Amino acid sequence: GGGPSLIEAKQRRYYGHFEGDAQTYRPKGEVDDYRTHKDCLIRFRERVTSANLLEQDQLDAIDMQVALVIDQAYQAAKDSPLPEADELSRDIYATEI
């Protein structure tokens, strides 16, 4: 209706807070269970196909397109020149205008 809106989305992450995080704060098997039973992409796929909104092959085609975009972005980043030294600290912290 044109007024304020709020969407609350809760999603668990599969990886720790940093590379090498042992995730000792999680119960053993939590991530595997979540991937198997509650993965949002798997649940979306199940819902839209069971409601006859999309076919499996349509979703597979979307997945292939997304993978191609990711591969192209990765390759573009790998092929790009390294930044100059003065660029490494640019736009990292906000400064007053």
Side-chain angles (χ1 to χ4, degrees):
S5 298
L6 171 70
I7 297 174
E8 180 182 20
K10 295 182 178 183
Q11 182 62 28
R12 295 190 186 241
R13 57 185 158 67
Y14 295 142
Y15 304 100
H17 292 285
F18 58 91
E19 189 69 32
D21 183 353
Q23 300 187 54
T24 56
Y25 46 85
R26 288 185 146 158
K28 188 175 182 105
E30 178 184 275
V31 173
D32 292 335
D33 180 62
Y34 202 80
R35 283 181 189 259
T36 304
H37 300 106
K38 297 179 183 171
D39 183 281
C40 61
L41 297 176
I42 294 171
R43 293 174 75 183
F44 173 79
R45 184 178 277 265
E46 290 169 353
R47 287 181 181 183
V48 297
T49 55
S50 67
N52 295 319
L53 298 172
L54 291 169
E55 299 291 328
Q56 290 286 349
D57 59 340
Q58 291 173 296
L59 293 168
D60 293 341
I62 293 169
D63 287 347
M64 288 182 1
Q65 290 172 342
V66 169
L68 180 61
V69 169
I70 292 169
D71 290 344
Q72 290 170 341
Y74 172 79
Q75 194 59 51
K78 292 283 286 179
D79 294 342
S80 295
L82 293 174
E84 297 294 326
D86 66 327
E87 293 180 71
L88 295 177
S89 61
R90 190 179 305 152
D91 301 321
I92 295 176
Y93 298 104
T95 58
E96 288 187 37
I97 298 174

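Computed from heavy atoms alone, side chains included, the values below leave out hydrogens, waters and symmetry copies. This is a predicted model, so every value here is computed, not measured.
Partners of Val69 by side chain to side chain contact (heavy atoms under 4.5 Å, CB included), not counting sequence neighbours: none found. Every residue meeting the side chain to side chain donor-acceptor pair (under 3.5 Å) condition with Gln75, not counting sequence neighbours, appears here in chain and number order: Asp79. With sequence neighbours left out, Arg12 forms a side chain to side chain donor-acceptor pair (under 3.5 Å) with no residue at all. For Gln72, the side chain to side chain contact (heavy atoms under 4.5 Å, CB included) partners two or more places apart in sequence, or in a different chain, are Leu68. Judged as a side chain to side chain donor-acceptor pair (under 3.5 Å), and not counting sequence neighbours, the contacts of Gln56 are Arg45. Listed by chain and number, the residues in a salt bridge (Lys or Arg N to Asp or Glu O under 4.0 Å) with Arg26 are Glu30 (sequence neighbours excluded). In this structure, Asp91 has no salt bridge (Lys or Arg N to Asp or Glu O under 4.0 Å) partners at least two apart in sequence or on a different chain. Looking at residues two or more places apart in sequence or on another chain, you find a side chain to side chain contact (heavy atoms under 4.5 Å, CB included) between Gln58 and Leu54, Glu55. Looking at residues two or more places apart in sequence or on another chain, you find a side chain to side chain contact (heavy atoms under 4.5 Å, CB included) between Pro83 and Glu87, Leu88.
Pairs of residues two or more places apart, or lying in two chains, never qualify as ring-ring contact (aromatic ring centres under 6.0 Å, His included) while including a residue from residues 32-59. Screening residues 5-29 for ring-ring contact (aromatic ring centres under 6.0 Å, His included), with sequence neighbours left out, gives His17-Tyr25.
Leu53 CG to Arg47 CZ: the interatomic distance, rounded to the nearest 0.5 Å, is 12.0 Å. Arg90 CZ to Glu84 CD: the interatomic distance, rounded to the nearest 0.5 Å, is 9.5 Å. With rounding to the nearest 0.5 Å, the separation of CD1 in Ile62 from CG in Asp57 is 10.0 Å. Separating the CG atom in Leu82 from the OG atom in Ser80 is a distance of 9.5 Å, to the nearest 0.5 Å.
Other members of the cluster containing Leu6 do not exist, because no ILVMFWY side chain is joined to it at under 4.5 Å.
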